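Here the structure is laid out as structure tokens; the discussion comes afterwards.
A quick note: this is a predicted structure, and the numbers were derived from the prediction, not measured. Any value given below was found using the heavy atoms of this structure, including those in side chains, with hydrogens, waters and symmetry copies removed.
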Amino acid sequence: MKTELNLKQRQIKNTSYLVKCTLIWLLTLALCSFGPTLIWDRAEIISGFFIVVNVIAGIVMILANKRYLQGMDELMQKIHLSAMGFTLGAILVGGLAYTNLQLSGLIDFKAQISDLMFLMGAVYLISVYVLNKHYCAGDE
């Protein structure tokens, strides 16, 4: 007999599943990054295998994130969707501006993908915080 979960139970279940999927993806990412030099001495077949495993773990994590978002109430979905929009815009505008600065010779610094990941995370977290304050200010 299948029982329906209430909103709070569903959020706990979806959050727990998303955390597990994210940790597995991070573990496979660490294996892909450090394994070739620290564990398997740059064996291409093993590296290729773990890259495929990492991509599969990433797809599962994306689906878990989708399930997590669908399990939220409408206000939280709106907040997170807006935060994702701000993040996408910031990365697009900031990334292209940086590229133009580098191409024009105004800056000499070469950016890494980790810089972009940091910017994405920071913009997303700040956006969620500000939007939570904006929409939930009257709830307290």
Side-chain angles (χ1 to χ4, degrees):
M1 182 170 156
K2 187 175 181 179
T3 58
E4 295 264 339
L5 300 176
N6 65 28
L7 178 64
K8 187 168 181 110
Q9 292 170 325
R10 194 173 58 236
Q11 285 177 336
I12 291 171
K13 180 181 174 189
N14 289 342
T15 302
S16 173
Y17 183 65
L18 179 61
V19 167
K20 290 174 190 169
C21 290
T22 302
L23 289 175
I24 290 170
W25 177 75
L26 283 172
L27 177 65
T28 62
L29 183 63
L31 278 172
C32 290
S33 298
F34 302 115
T37 55
L38 298 177
I39 301 173
W40 56 80
D41 197 26
R42 300 189 187 279
E44 292 176 356
I45 292 176
I46 298 172
S47 293
F49 171 76
F50 277 107
I51 289 170
V52 169
V53 169
N54 177 252
V55 169
I56 292 169
I59 291 169
V60 172
M61 183 185 68
I62 290 168
L63 295 174
N65 200 11
K66 180 179 178 261
R67 185 169 109 178
Y68 171 76
L69 291 172
Q70 287 176 331
M72 294 177 168
D73 63 20
E74 290 178 13
L75 177 60
M76 291 309 291
Q77 285 181 356
K78 179 179 174 74
I79 289 171
H80 282 270
L81 186 60
S82 296
M84 287 178 201
F86 286 131
T87 303
L88 177 64
I91 296 304
L92 185 68
V93 171
L96 291 175
Y98 177 80
T99 300
N100 284 332
L101 285 170
Q102 194 175 28
L103 289 175
S104 64
L106 293 173
I107 58 172
D108 198 12
F109 178 74
K110 183 172 179 161
Q112 301 291 320
I113 191 70
S114 59
D115 300 330
L116 194 61
M117 297 294 110
F118 177 78
L119 178 63
M120 286 176 65
V123 170
Y124 185 75
L125 287 176
I126 291 169
S127 297
V128 168
Y129 177 77
V130 169
L131 291 168
N132 260 319
K133 285 286 189 189
H134 176 74
Y135 286 116
C136 302
D139 292 347
E140 298 173 12

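With sequence neighbours left out, the side-chain contact (heavy atoms from CB on, under 4.5 Å) criterion links Asn6 to Lys8, Gln9. Take Tyr17 and apply the side chain to side chain donor-acceptor pair (under 3.5 Å) test, not counting sequence neighbours, and it matches no residue. For Thr22, the side-chain contact (heavy atoms from CB on, under 4.5 Å) partners are Leu18, Leu26, Met61, not counting sequence neighbours. Applying the side chain to side chain donor-acceptor pair (under 3.5 Å) test to Arg67 and every residue at least two apart in sequence or in another chain returns Asn14. Residues that satisfy the side chain to side chain donor-acceptor pair (under 3.5 Å) test with Ser127, not counting sequence neighbours, are absent from this structure. Under the rule for a side-chain contact (heavy atoms from CB on, under 4.5 Å), Leu27 has no partner lying at least two apart in sequence or in another chain. Thr15 meets the side-chain contact (heavy atoms from CB on, under 4.5 Å) test with Val19, Tyr68; sequence neighbours excluded.
A heavy-atom distance below 4.5 Å is not found between the side chains of Cys21 and Leu63. When side chains are defined from C-beta on, Gln102 does not count as touching Thr99, because their heavy atoms never get closer than 4.5 Å. Contact of the Leu69 side chain with the Met76 side chain is not registered, since no non-hydrogen atoms from C-beta on lie closer than 4.5 Å. Side-chain contact check for Phe86 versus Leu131: some heavy-atom pair is nearer than 4.5 Å.
Contact record, Met72 with Leu7: C-CD1, 4.3 Å, taken as the closest heavy-atom pair. Leu31 and Phe50 make their closest contact through CD1-CE2, 3.7 Å (heavy atoms, listed as atom of the first residue, atom of the second, distance).
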With a 3.5 Å cut-off and sequence neighbours excluded, list the donor-acceptor pairs that the side chains of residues 38-48 form with protein atoms.
residue, atom, partner, partner atom, Å
Trp40, NE1, Ser47, OG, 2.9
Ser47, OG, Ala43, O, 3.2

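Applying the under-4.5 Å side-chain rule to Ile, Leu, Val, Met, Phe, Trp and Tyr, the cluster around Leu106 extends to Tyr98, Leu101, Ile107, Phe109. Leu96 shares a hydrophobic cluster with Leu92; the chain of contacts runs through ILVMFWY side chains whose heavy atoms sit under 4.5 Å apart. Applying the under-4.5 Å side-chain rule to Ile, Leu, Val, Met, Phe, Trp and Tyr, the cluster around Val52 extends to Ile56. Applying the under-4.5 Å side-chain rule to Ile, Leu, Val, Met, Phe, Trp and Tyr, the cluster around Ile91 extends to Ile113, Leu116, Met117, Leu119, Met120, Val123.
Distance check: Met84 CE to Ile79 CD1 gives 12.0 Å after rounding to the nearest 0.5 Å. To the nearest 0.5 Å, atom CG of residue Asn65 and atom CD1 of residue Ile62 are 8.5 Å apart. Remark: Lys110 NZ to Asp115 CG distance equals 11.5 Å, nearest 0.5 Å.
Residue Asp108 qualifies as open at atom CG: its count of foreign heavy atoms under 6.0 Å is 12 or below.
Cluster membership for Leu75 and Val128, using ILVMFWY side-chain heavy atoms within less than 4.5 angstrom, is shared.
With hydrogens and angles disregarded, no donor-acceptor distance shorter than 3.5 Å links the side chain of Ser16 to the backbone of Lys13.
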